[in-house]
Amino acid sequence: MTRPTRSDRTRQLAGLAPVIPVLVIPDAGLAADLGRTLIGAGLPVLEVTLRTDGAFDAIRAMADLPGGHVGAGTVLTADDARRARDNGATFAVSPGLTDAIVAACDEIDLPLLPGVATASEAMAAREYGFDMLKLFPAEAVGGRALLKALSGPLPQLSFCPTGGITPETAPDYLTLPNVACVGGSWIAPEADQRARDWTAIGARARAAAGLTRG
Ligand code: 3PG
């Protein structure tokens, strides 16, 4: 049996808070205040998606915030992983898993949380040595029912489900033994970021940080 080794650090990160905010940051100038708000509210692990022009600058602006762990999400290529690391990201999240991304993350020693959506993909990830996986897009591919079903044949795998999770459904996900944490964009919607409504974002983050696991 392959001994998983590639997930040691992402498993540690997943243990730091029940929710990883998935951030689509419209303006890198907002990133430092956003990061301080989230970390201060008890969510230290931040996923900055590479979906906006300023994403790498946002990662750079958040990378040195005390108490934070900033990673890049929506990593689709080896180059994304390298640029993320060069801008200070300490982990990478991908919606899927490709040979090129695994090789790049190994080469630059960047912990990777790869995405899977099926048993076969989870088994392939395990063969690579990953045992902490993102389930994506969680709600669309079966959500809690799928996670419960996967825990039978694949009890050694833990998941961070992401995609379609809400403040209402997050607590139920977190009761599942194979769910280490959940990810979601509901904490910091773009409109609240643009309005610099750190009070609203902070309140959602505090509620998320207070959710209990297992
Ligand atoms: C992701 O990038 O992981 C998801 O798109 C986040 O999903 P959500 O916006 O439904 O929370």
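Read the numbers this way: they start at 1 and go in the same order the structure lists the ligands and their atoms.
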**Request:** For Thr90, check side-chain hydrogen bond (donor to acceptor under 3.5 Å, both in side chains) against everything at least two apart and list the hits.
**Result:** none

Output a table of donor-acceptor pairs, distance under 3.5 Å, between side-chain atoms of residues 99-106 and any protein atom two or more places apart or on a different chain; print 'none' if there are none.
unit_1	atom_1	unit_2	atom_2	d
Asp99	OD1	Tyr128	OH	2.0
Asp106	OD1	Arg6	NE	3.2
Asp106	OD2	Arg6	NE	3.3
Asp106	OD2	Arg6	NH2	2.4

**Residue list, side-chain hydrogen bond (donor to acceptor under 3.5 Å, both in side chains) with Asn87, at least two apart or on another chain** = Arg60

**Prompt:** Within the distance-only criterion (no hydrogens, no angle test), does the side chain of Gln193 pair as donor or acceptor with the backbone N or O of Val24 below 3.5 angstrom?
**Reply:** yes

**Item:** Spacing of Phe91 atom CZ and Leu112 atom CG [to the nearest 0.5 Å]
**Value:** 11.0 Å

What are the polar N/O contacts of ligand 1 with the protein below 3.5 Å, with distances?
unit_1	atom_1	unit_2	atom_2	d
ligand 1	2 (O)	Arg51	NH2	2.3
ligand 1	3 (O)	Lys134	NZ	2.5
ligand 1	5 (O)	Arg51	NH2	3.3
ligand 1	9 (O)	Ser185	OG	2.6
ligand 1	10 (O)	Gly164	N	2.7
ligand 1	11 (O)	Ser185	N	2.9
ligand 1	11 (O)	Ser185	OG	3.2

**Request:** Using a 4.5 Å cut-off on heavy atoms from C-beta on, say whether the side chain of Val179 contacts that of Leu135.
**Result:** no

